[in-house]
Amino acid sequence: MSWLRALKETAHAGLTIERRRLEPLIAIRGAAGLALVLGIGLALFGPVVAASSAFGAFQAAIATFQRSWRPRPVLALVSGASLAVSTFLGYLTGSRMLLFLALLVLWTFLSGLAWAAGPTAGIIASSNVAIMLVTVTLPTSVANSAVHAVMILFGGVVQAALIVLFPVRRWGAQRDALADALAGEADYARRLRHDPLAAFDPVPLMTARSAAAVTPRQARHRPPELRGSRGVAERIRPVLASLADPATGVPSEGPERDRVRELLAAAGSVLDSAARAIRHGDPVKLSPAAVAALKTPDTGTLLTGPTRRAAGRLGALLSDVIETAEGEGTKEEQAAAEEAAETIKATGGGTPAAPHRRRPTLPRLVPVVANAVRAELRPGSPILRHAVRVSVVVAVGYLIGAALPFGHGYWAPMASVMVMRPEFSQTYGRSVARFGGTIVGVSFATAIVQITDPGVTPAAMLSVLCALLMYLLMRTGYVVGQACVSAYVVFLLGMAGDDWSQTVLERVVLTLVGGLLAMISYAAYPAWETPRLRGRLGDWLKADGRYVAAVVGQYAGPAEGGRDDVRSALLDTRRARVAWQEALATAQHEPVRNRGLSRAAADDTQHALAEFGRVAMLLEAHLPCGSATPVPAAARLAEALRRATERGAKEVRERRVPDWAEVREALAQWDALRRAGEGEADPFVRNRAGLLLEALEEFSRGLDGTPKPNPPVDRAG
């Protein structure tokens, strides 16, 4: 992609405004906390201290809007405390420019590394640096700066207290994550009716898994409908795929296929009902038609073999979903849901709920974050490059702002640190959006000021109104949020005694300078994803190979257990797949060459790996019980798959095409054993193993650019 096209697309993305679900009660709560802090600051200390406390409350509320599964009060307290420390240390060094610049570079570098702990930590750390640049100019003495720091912390405490006292949709984020996972399963079931080989997006399940991790205290207060449903949803996915796949024995048309379609439609309806119940905390309301379709006796007469086993397993899992999603309804409603769950159980017994996933408490999170940051301190790390880039840009922007005759030179570095991200398109898109939002917000605020000439109290009220609009509309687009923030800062600094006219031209020009510095820095010291695509693809191949080997190995030793190995490998391959997809999406917007992996090769190889994982998922859906007959040939195949994919991943990174001779040899030995009468009677596993080899060969052809060979044509007669 050319630079011109990349700039055009990123600018369009930054200026895009989307229709999103608004959360007015949460926005009102955040604005009310800001108004309370601002009023107390005005009454006790005057407008200057009130401005500092308002920045603390404003930032604490923004922190609670970030995508995080930690309690919102904790985010508000962390944001307020870190900003208070930043402000106090910044003021102590503010009188000595070189010392303050050194602190600013160090603080910014650490905020860049904070992205290693996740986007929430990165956004909070970056915002603290940006606001610190403003708040350090407000105090006039060390004692006064201590008061400012305490009031900033007070703003975070107030926002945290309001969240505790006036909760809005408690556990709402976790409910939405689990409901999205179940809704994704329902959509997958419906798509399988028309496309038995439909792809499945694992992201909702991964998100639900992250949301399910709780601290011991959270585990004691978690609603009952959030316990266990995710684990059942995880087990439903391979069963749905196995039920629909023609390779399990159901023809593409006929009574058997019609019955499978009925079961898939009923499963989609049940999963949708469970998703709605969990999202709103209501009892499950099932469709009578779906219940009737699941409990009809036709399944046992029409379906046989693996498909019949999958249908029975599906009924039991759907029953478990209903039982865990019943919610807090009346006794009559819960009894009705329990009765419906029992009627659709095709096999006896449910699935026991797994113990909750432990999320470390805040003190125990420190070594986890430290290890994540330490892992990024290596050459070529995108996080390390971002930290270096943003710290240099902030220092240069601060010096340029100080040299220009505007005053208030902190606007340039503040704009830079707010828009810079470890990824190219977000940095460029946010730079354009911040400049556009600044023009709109400053122009709007200036027009109101010139018309009304507000005093301290009206300016404070206008700033609270702008903050309310920011909280309400921030998810609709970055440009909208920046327009509200710009107007908020104009009114707040004007209330603190800043000259109204100084916030017009200087803010626009210095914001433009900060945005340009951010864009130039990425071009000069980039962290492109395009050259790393082969590495991401190799990681996915290696993770897929571990997962497939773990599943196939279960058939060799069913009595030995090892299901935890399968689960661990599945999670690894999901993470590798999502990392590849995110890298590919990012690379498509980068103005660099493909570096040895064309878009066609990327599409073909990811399709082959998706098929490789899908076949393994079918095998996982039919894992043998402990008393099943072992398949010794499966052990040799599992080891061959593990070694071949590890070697293949290395060859992909080295720009070579993998060869799968070892896998072909293992299958040939398996066939020789079967001909000698030493193999298993059920050909299900062997047939799926052949599909695994076909997917690997398709991967190599896609990487090499070789077209897929046509099947041989029978010319007999």
Side-chain angles (χ1 to χ4, degrees), residues 17-40 53-80 119-120 123-124 127 154-180 183 207-208 211 214 217-218 221-226 275-283 327-329 441 460-485 487-488 491-492:
I17 301 175
E18 302 177 355
R19 295 185 62 180
R20 302 291 293 271
R21 186 182 68 182
L22 303 181
E23 298 177 329
L25 293 180
I26 298 178
I28 291 173
R29 184 181 62 194
L34 173 62
L36 180 62
V37 171
L38 193 55
I40 293 175
S53 62
F55 276 116
F58 179 75
Q59 171 60 22
I62 290 180
T64 63
F65 280 89
Q66 304 308 316
R67 184 67 176 268
S68 175
W69 313 115
R70 292 200 170 274
R72 302 298 167 180
V74 173
L75 296 179
L77 290 175
V78 169
S79 175
T120 299
I123 290 173
I124 292 177
S127 301
F154 175 68
V157 171
V158 168
Q159 293 288 13
L162 288 179
I163 294 173
V164 174
L165 295 175
F166 302 100
V168 178
R169 206 166 166 258
R170 192 188 299 271
W171 294 89
Q174 286 83 356
R175 287 183 181 277
D176 286 343
L178 180 54
D180 289 343
T207 304
V214 292
R217 182 182 182 280
Q218 286 180 298
H221 298 86
R222 183 171 48 172
E225 61 268 30
L226 296 185
R276 284 192 296 270
I278 289 173
R279 193 182 302 276
H280 303 291
D282 297 329
E328 301 288 344
M461 296 173 63
L462 288 170
S463 67
V464 172
L465 177 61
C466 291
L468 174 62
L469 293 175
M470 164 68 181
Y471 299 148
L472 185 63
L473 303 174
M474 64 184 300
R475 299 193 186 279
T476 62
Y478 190 74
V479 64
V480 176
Q482 288 309 303
C484 298
V485 170
Y488 169 79
F491 289 127
L492 198 63

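- Put simply, the side chain of F491 does not reach to within 4.5 Å of the side chain of V464, judged on heavy atoms.
- Counting only residues at least two apart or on different chains, no salt bridge (charged side-chain N to carboxylate O under 4.0 Å, His left out) pair has a member in residues 461-471.
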Trace of the side chain to side chain contact (heavy atoms under 4.5 Å, CB included) decision for V214 with L226: CA-CA 11 Å; V214 292; L226 296 185; over 6 Å; no
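- Formation of a donor-acceptor pair under 3.5 Å by the R175 side chain with backbone atoms of I278 is found in this model.
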Give the table of side-chain donor-acceptor pairs shorter than 3.5 Å for residues 467-485, with sequence neighbours excluded, one pair per line with atom names and distance.
| residue | atom | partner | partner atom | Å |
| --- | --- | --- | --- | --- |
| Y471 | OH | F58 | O | 3.3 |
| R475 | NH2 | F65 | O | 2.5 |
| T476 | OG1 | L473 | O | 2.6 |
| Y478 | OH | Q482 | NE2 | 3.4 |
| Q482 | OE1 | R434 | NH1 | 2.3 |

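- Across A460 and S463, no two heavy atoms sit closer than the pair O-OG, 2.6 Å.
- In this structure, Q159 contributes its side chain and G155 its backbone to no donor-acceptor pair below 3.5 Å.
- Sparse packing is recorded around CZ of R170, with 12 or fewer heavy atoms of other residues, nucleotides or ligands lying under 6.0 Å away.
- The two residues A54 and V37 have their closest heavy-atom pair at N-CG1, 4.3 Å.
- Nearest heavy-atom pair across G441 and A487 is O-CB, 3.7 Å.
- Between D180 and T207 the shortest side-chain heavy-atom distance does not fall below 4.5 Å.
- Contact detail for A275 and A183: the closest heavy-atom pair is CB-N, 4.0 Å.
- One distance of note links CG of L462 with CG of L492; it measures 11.5 Å at 0.5 Å rounding.
- The minimum heavy-atom distance between A173 and R72, with the atom names listed, is CB-NH2, 4.1 Å.
- Here the closest heavy-atom approach between residue L75 and residue A63 is recorded as CD1-O, 3.6 Å.
- With hydrogens and angles disregarded, a donor-acceptor distance shorter than 3.5 Å links the side chain of S127 to the backbone of I123.
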Donor-acceptor contacts under 3.5 Å from residues 20-36 side chains, at least two apart:
| residue | atom | partner | partner atom | Å |
| --- | --- | --- | --- | --- |
| R21 | NH2 | D176 | OD2 | 3.3 |
| R29 | NH1 | F166 | O | 2.9 |

